[in-house]
Amino acid sequence: GCLLNPMKSIMLFLAISAYASYVWAAARFFKVTDAGAVRGKGIISALGLLAIAISLYAISTAKIGVDVNTSVSIFCFLFSLLIFWWAIETLKTRPLNFAFANEAPSKLVSNGPYQILRHPFYTSYMLGWSGALIGSWNVWLLPIPIIMGAIYLRAANKEEKSFLEGKFRQEYLDYQSKTWRFLPLVY
């Protein structure tokens, strides 16, 4: 059980903390300004809640010990929370639109985690989904980071296209040349 397995307790605590953070942001932080954002929020929220339930079940029923998978999983959840709350702190007085909004960007954020990553929230979410997959080592979780990652990639492409077609074009091109899209030193 969870009470007798401190590593499983730590992993579940971190997973619940990360997933609760994502739900809070979807419900209370990001702005929903148009039909695109409403659609995006509906799809991401529905799939995200299903992914959370499946991920927490997989972690709670997995045999979790002191091993590399557990360590990597805990690292994923910790970094997910770190990046997520750093981005929230950076944007606390000026939240961004929800994914897939049609509204043109009104600002370019390049401080906080945005000085390293152009899409820190998507990176944070992917770390959370990957943490459950790696920690539980449950093949049934494999579709979650693949599907959610495809959604985040599509949203990032739409956001970047909006910047490149708008008043921030040159500033965004400069910004792109100095930052990573999702993962430092990788992509």
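No experiment lies behind these values; they were computed from the predicted model shown.
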- Task: Check whether the side chains of Tyr122 and Glu159 place a donor and an acceptor atom closer than 3.5 Å, and report yes or no.
- Result: yes
Between Leu117 and Pro120, the two heavy atoms sitting closest are O-CD, 3.5 Å
| query | Around atom OH of Tyr175, are there more than 12 heavy atoms of other residues, nucleotides or ligands at under 6.0 Å? | reply | yes
To the nearest 0.5 Å, atom OG of Ser124 lies from atom CG of Leu81 at 7.0 Å
- Task: Would you please classify the geometry between the Tyr125 ring and the Tyr22 ring as parallel, tilted or perpendicular, with 30° and 60° separating the classes?
- Result: perpendicular
Output, in order, the C-alpha distance, side-chain angles, deciding distance and verdict of side-chain contact (heavy atoms from CB on, under 4.5 Å) for Phe163 and Arg169. CA-CA 6 Å; Phe163 274 109; Arg169 177 179 170 70; over 6 Å; no
- Message: Using side-chain heavy atoms (C-beta onward) and a distance below 4.5 Å, is Phe84 in contact with Leu127?
- Response: no
Q.
Does either side chain, that of Ser55 or that of Trp129, offer a donor lying less than 3.5 Å from an acceptor on the other one?
A. no
Residues at least two apart in sequence or cross-chain that pass side chain to side chain contact (heavy atoms under 4.5 Å, CB included) with Trp137, listed by chain then number, are Asn69
Here the pair of heavy atoms bringing Ser130 nearest to Pro145 is OG-CB, 4.3 Å
| For atom CZ of Phe168, is the number of surrounding heavy atoms from other residues, nucleotides or ligands below 6.0 Å larger than 12? | yes
### Message
For a side-chain contact (heavy atoms from CB on, under 4.5 Å) check, start with the C-alpha distance between Asn138 and Ile54, then their side-chain angles and the critical distance, and finish with the verdict.
### Response
CA-CA 10 Å; Asn138 185 327; Ile54 294 168; over 6 Å; no
- Are Tyr57 and Leu47 connected in the hydrophobic side-chain network, where two residues link if heavy atoms are under 4.5 Å apart? no
_Under a 3.5 Å threshold, yes or no: a donor from one side chain and an acceptor from the other, between Asp67 and Thr70?_
yes
Q. Between the main-chain N or O of Gly42 and the side-chain N or O of Ser45, is there a donor-acceptor pair closer than 3.5 Å?
A. no
query: Looking only at side chains, do Lys158 and Asn102 share a donor and an acceptor under 3.5 Å apart?
result: yes
- Query: Would you say Arg94 has more than 12 foreign heavy atoms packed within less than 6.0 Å of its CZ?
  - Reply: yes
Closest non-hydrogen atoms of Gly135 and Ile64, given as atom of the first, atom of the second and distance, are O-CG1, 3.9 Å
Any side-chain heavy atom of Phe75 sitting closer than 4.5 Å to one from Leu78?
no
Dump the intermediate steps for side-chain contact (heavy atoms from CB on, under 4.5 Å) on Tyr172 and Arg118, then the final yes or no.
CA-CA 10 Å; Tyr172 199 77; Arg118 293 193 300 277; 3.5 Å; yes
query: When clusters are formed by joining ILVMFWY residues with side-chain heavy atoms under 4.5 Å apart, either directly or through shared neighbours, do Phe182 and Val72 land in the same one?
result: no
Problem - Neighbour count >12 (heavy atoms, 6.0 Å) for atom CH2, Trp24 - result: yes
Separation between CD1 (Ile116) and NZ (Lys178), nearest 0.5 Å, reads 14.5 Å
Query raised in the report: If only atom types and distance count, is the side chain of Asp34 paired as donor or acceptor with the main-chain N or O of Glu103 below 3.5 Å?
Result: yes
Worksheet item: Is the closest side-chain heavy-atom distance between Leu133 and Ile144 below 4.5 Å?
Response: no
Step-by-step side-chain contact (heavy atoms from CB on, under 4.5 Å) determination, Arg181 to Gln176
CA-CA 8 Å; Arg181 196 171 204 196; Gln176 279 183 312; over 6 Å; no
In this structure, CD1 of Ile134 is separated from CD1 of Ile59 (nearest 0.5 Å) by 11.0 Å
Short side-chain to backbone donor-acceptor contact, Lys41 and Ala26, under 3.5 Å | yes
request  = Taking Gln115 for its side chain and Gly112 for its backbone only, find out whether a donor-acceptor pair lies under 3.5 Å.
outcome  = yes
- Determine, using the 4.5 Å side-chain heavy-atom cutoff (strictly less than), whether Val68 and Phe77 are members of one ILVMFWY cluster. no
*Using a cut-off of 6.0 Å, state whether more than 12 heavy atoms not belonging to Lys63 lie near its atom NZ.*
no
Between the OG atom in Ser136 and the NZ atom in Lys8, the distance rounded to the nearest 0.5 Å is 10.0 Å
When rounded to the nearest 0.5 Å, the distance separating CD1 of Ile83 from CE of Met126 is 12.5 Å
Can you check whether Tyr114 reaches Leu91 side chain to side chain, under 4.5 Å on heavy atoms?
yes
On a heavy-atom basis, the closest approach of Ala99 and Ala155 is CB-CB, 4.0 Å
Look at the rings of Phe29 and Phe121 and say which category their plane angle falls in: under 30° parallel, 30 to 60° tilted, over 60° perpendicular.
-> tilted
d(Leu14 CG, Tyr19 OH) to nearest 0.5 Å is 10.5 Å
Inset, instruction - Check the hydrophobic clustering (I, L, V, M, F, W, Y; side-chain heavy atoms under 4.5 Å; chains of links allowed) and say if Leu183 and Ile151 are grouped together. - result: yes
Applying a strict under-4.5 Å side-chain criterion to I, L, V, M, F, W and Y, I'd like to know whether Ile43 and Phe100 cluster together.
yes
